[in-house]
Amino acid sequence: MFERFTNDARQTVTQAQEHARRLQHRHIGTEHLLLGLLGNPDTLSAQILNEHGLTLDRAEAATLRALPGPDQRGGDLDADALETIGIDLAAVRERVEATFGPGALDRAPSRNHRGLLLSGRHIPFDRGAKKALELSLREAIALKSKEIRDGHILLGLLREAEGLGARVISSSGIDIATLRIELERLLAPSARRPRAS
C-alpha cells in the first residue's frame with residue numbers, strides 16, 4: 001500500500017511518528033496522523049483544516065488534553081541520588097540520546113511478536129491508525145485515484161470516526177460531513193487546487 005503514497009502522504013506518516021516520539025506516546029494513533037497532516041502546511045489537508053480553523057497548535061493542545069505525556073515527576077530526586085555517588089544523569093542522557101535518538105530513555109522497551117527486546121526507536125501504529133490508513137486506500141480507490149494523497153489520509157481519519165484524530169477535528173467545531181464533501185470535491189480527478197506559496 002505504501003508504494004502508492006505520494007511524497008506528501010509519506011511525509012505525513014513520518015511526521016506522525018515524530019510527533020508520537022516527541023510527545024512520548026507509545027503508539028502512533030489517529031491523532032498523530034492528524035498532527036502529521038497539519039505539520040505539512042503546503043498540503044491540501046493542512047490548508048483545508050487551517051481554513052476551517054484547526055491549526056497544528058490547536059490539534060496538539062487537544063491531543064495533549066486527551067492523552068497527556070508520561071509523568072515526569074520524581075526525575076529530579078533520581079538525578080540527585082545518582083549525583084551523590086558521582087553519576088551525572090544529564091551526561092548519561094546526552095550520550096544515550098546521541099546513540100539511540102532523542103527521548104530513548106523516556107520510552108519503555110518493548111518486545112516483538114517473538115519476545116525479542118526492541119529498542120525504543122520504533123513506535124508501532126495502533127489499531128485505529130492502521131484502520132485509518134487502510135481506509136485512505138479505499139477512499140483513493142473510490143475517488144478513482146491511482147495514488148494515495150494526504151487528502152485521502154484525512155478522509156480515512158474522518159471515516160475512522162472513533163479515533164482521537166476525528167474527535168479532535170469534530171471538537172474544533174468543524175462539521176465532518178461538510179469537510180468530507182469539500183475534500184472529495186477537491187480530490188476528484190478533474191479538480192486542481194493551487195498549492196500555497
Side-chain angles (χ1 to χ4, degrees), residues 1-40 43-46 48-49 54 56 59-70 101-104 106-172 174 176-177 179-180 183-184 186-187:
M1 177 174 81
F2 286 106
E3 65 273 0
R4 293 181 70 174
F5 275 45
T6 62
N7 285 336
D8 287 342
R10 285 188 183 122
Q11 284 183 338
T12 295
V13 174
T14 301
Q15 284 200 16
Q17 183 178 22
E18 291 171 7
H19 284 289
R21 181 174 287 120
R22 183 177 52 77
L23 297 173
Q24 299 179 17
H25 293 159
R26 293 184 181 184
H27 292 91
I28 300 169
T30 59
E31 63 280 5
H32 302 107
L33 289 172
L34 175 61
L35 295 175
L37 287 168
L38 287 164
N40 290 317
T43 62
L44 169 69
S45 297
I48 196 167
L49 288 168
L54 184 60
L56 176 60
E60 185 173 306
T63 296
L64 290 174
R65 281 192 300 275
L67 296 174
D106 300 323
R107 295 186 297 276
S110 59
R111 298 193 178 270
N112 69 8
H113 64 282
R114 288 184 266 178
L116 299 173
L117 191 61
L118 298 173
S119 74
R121 299 181 87 176
H122 173 72
I123 302 174
F125 288 91
D126 70 10
R127 184 175 299 153
K130 287 179 186 177
K131 185 173 180 183
L133 291 173
E134 289 171 14
L135 291 170
S136 70
L137 171 63
R138 291 184 187 185
E139 293 289 346
I141 291 169
L143 292 170
K144 300 185 182 351
S145 178
K146 291 182 176 48
E147 56 193 12
I148 300 170
R149 298 175 57 201
D150 62 282
H152 298 116
I153 295 175
L154 181 52
L155 286 172
L157 285 177
L158 298 176
R159 275 188 65 186
E160 177 52 14
E162 307 233 343
L164 182 55
R167 292 194 319 251
V168 166
I169 293 169
S170 180
S171 69
S172 73
I174 299 173
I176 298 289
L179 181 61
R180 173 175 265 300
L183 271 169
E184 288 173 350
L186 292 169
L187 288 167

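Throughout, residue positions are numbered sequentially from 1 according to the sequence presented. The shown structure was predicted, so the numbers you read here are calculated from the model rather than taken from an experiment.
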>> Does R138, at its CZ atom, have more than 12 non-hydrogen atoms belonging to other residues, nucleotides or ligands within less than 6.0 Å?
In response: no

As an exercise, state the distance from [atom1] of [X] to [atom2] of [Y], rounded to the nearest 0.5 Å.
| X | Y | atom1 | atom2 | result |
| --- | --- | --- | --- | --- |
| L154 | L33 | CG | CG | 10.5 Å |
| E134 | R159 | CD | CZ | 11.0 Å |
| L64 | E31 | CG | CD | 10.0 Å |
| I153 | L34 | CD1 | CG | 11.5 Å |
| D8 | Q15 | CG | CD | 10.0 Å |
| I48 | L37 | CD1 | CG | 11.5 Å |

With the side chain counted from C-beta on, respond yes when [X] and [Y] share a heavy-atom pair under 4.5 Å apart, and no when they do not.
| X | Y | result |
| --- | --- | --- |
| L158 | L183 | yes |
| L49 | L179 | yes |
| V13 | F125 | yes |
| L44 | L187 | yes |

Which pair of heavy atoms, one from [X] and one from [Y], lies closest together, and at what distance?
| X | Y | answer |
| --- | --- | --- |
| S136 | H152 | CB-O, 3.2 Å |
| I123 | A20 | CD1-C, 4.0 Å |
| T30 | G165 | OG1-N, 2.9 Å |
| I28 | A129 | O-CB, 3.3 Å |
| D126 | H27 | CB-CB, 4.0 Å |
| V168 | A59 | CG1-CA, 4.0 Å |

>> Quick check against the 3.5 Å criterion: does S45 have a side-chain atom that pairs as donor or acceptor with the backbone of D150?
In response: yes

>> Please check this pair: side chain of S171 against backbone of R167, looking for a donor-acceptor N/O pair closer than 3.5 Å.
In response: yes

> Of all residues at least two apart in sequence or in a different chain, which pass the ring pair (Phe, Tyr, Trp, His ring centres under 6.0 Å) check with H32?
Replying inline: H25

> Is it true that E162 and R127 have a side-chain N and a carboxylate O under 4.0 angstrom from each other?
Replying inline: no

>> Strictly below 4.0 Å, N to O, side chains only: are R22 and E60 in salt-bridge contact?
In response: yes

>> Under the rule for side chain to side chain contact (heavy atoms under 4.5 Å, CB included), what residues qualify as partners of E147, not counting sequence neighbours?
In response: T6, S145, R149

